[in-house]
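Let me begin by presenting the structure, written as structure tokens, before commenting on it.
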Amino acid sequence: MARNVENTPSVYAEGVPCWVDAQLPDVEAGKRFYGDLFGWTFEASYGSATWALKDGEPAAALTRKLDGRLPTVWTVYFATPDAEALARRIRAAGGQVVLPPTPVGGLGTTALVTDSESAVFALWQPGSHPGFGTRHKPGTFAWAELYARDTEAANDFYGELFRDALFGPDAEPDFGRAPVSDVFPAEMPPHFLVHFGVAVLDAALPEVTRLGGRVQAPPFETSYGRVAVVTDDQGASFALLRR
């Protein structure tokens, strides 16, 4: 599916968050929850994946969780022109490759990896699917925050891995680093939290609970906007962001 969207790059630079998906036990329930919350519509993609569309453009994917032992989570994908080479650099930097680079039809190549503190993220080497067709608007991806045990170690790891995306002249990182204990219990493992934009944060929270989700952390101020952490009706955590 080819779409051209104003102000959306056809190929994202390496280290830029370019896609998100949720692994859910019940994709149909996920469609009802997120369709009502964000105004998403849906169409079949590859395998068990369903694309979520906002105003007709790809905004995310919902995927059926094939193993009940796996967590119900949102995963952020970072763009790369070469998933194999980036996977090698991740290993060399102290991370792990959980799932090696794997083609996804003609859409692209993906890999599942961790950083040096075991926070999980994914890689995306584009084929016909570059990633988000729309972002930075209500109901679309807005930010990814890494909640780390050691933010200095995280800055070193990602700063070396994605230096141009974070610090280059055309940097558009769309993700930050913060201590886990800023928002979550100190014993929670390091993880990425996907943020979706909303027009009115205080109005979105009652919608989350009406749809069967819950509020994990009430609204708080950050350097990138006002945020609340919530879960959907199947337990997947994400954040709502009002810039």
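Count residues from 1 along the sequence. Please read all numbers here as calculations on a predicted model, not as lab measurements.
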**Q.** Sequence neighbours excluded, every pair satisfying salt bridge (charged side-chain N to carboxylate O under 4.0 Å, His left out) that has a member inside residues 215-230
**A.** D202-R226, E221-R226
Q: Check whether any side-chain N or O of S116 sits under 3.5 Å from a backbone N or O of G94 as a donor-acceptor pair, and report yes or no.
A: no
Q.
Can you list everything that forms a ring pair (Phe, Tyr, Trp, His ring centres under 6.0 Å) with F220? Sequence neighbours excluded, please.
A. none
Q | Exercise: do S237 and Q216 side chains pair donor with acceptor under 3.5 Å | A | yes
Counting only pairs under 3.5 Å, give me each side-chain donor-acceptor contact of residues 227-235, with atom names and distances, residues two or more places apart or in other chains.
unit_1 : atom_1 : unit_2 : atom_2 : d
D232   : OD1    : Q234   : N      : 2.8
D232   : OD1    : G235   : N      : 2.9
D232   : OD1    : A236   : N      : 2.9
D232   : OD2    : Y34    : OH     : 2.7
Q234   : OE1    : D26    : N      : 2.9
Q234   : NE2    : D26    : O      : 2.8

Q. Is the side chain of R243 donor-acceptor paired with the backbone N or O of Y224 at a distance under 3.5 Å, no angle test?
A. yes
Q) Less than 6.0 Å separating the ring centroids of F175 and F78? A) yes
Q. So, do Y77 and L123 sit near enough that their side-chain heavy atoms are less than 4.5 Å apart?
A. no
Q: Identify which one of W124, F132, F141 satisfies the ring pair (Phe, Tyr, Trp, His ring centres under 6.0 Å) criterion when paired with W19.
A: F132
Q) Is there any salt bridge (charged side-chain N to carboxylate O under 4.0 Å, His left out) pair reaching into residues 70-90, and which pairs are they, with sequence neighbours excluded? A) E14-R89
Q: Examine W74 together with H191 and report whether their ring centres are nearer than 6.0 Å.
A: no
Q. Is R163 paired with E160 through a side-chain N to carboxylate O contact shorter than 4.0 Å?
A. yes
Q: Only pairs at least two apart or in different chains count here, so list each salt bridge (charged side-chain N to carboxylate O under 4.0 Å, His left out) that has a residue in residues 188-199.
A: none
Q.
If I take atom OG1 from residue T75 and atom CG from residue D21, how far apart are they, to the nearest 0.5 angstrom?
A. 5.5 Å
(Q) Per the salt bridge (charged side-chain N to carboxylate O under 4.0 Å, His left out) rule, what does the pair list look like for residues 31-42, sequence neighbours excluded? (A) E28-K31
Q: Answer yes or no: does atom CZ of R149 have more than 12 heavy-atom neighbours from other residues, nucleotides or ligands under 6.0 Å?
A: yes
Q. Can the ring centroids of Y158 and F121 be said to lie less than 6.0 angstrom from one another?
A. yes
Q.
Any side-chain to backbone donor/acceptor pair from D182 onto A178? Under 3.5 Å, distance only.
A. no
Q) Would a line drawn from the ring center of F196 to the ring center of W40 be shorter than 6.0 Å? A) yes
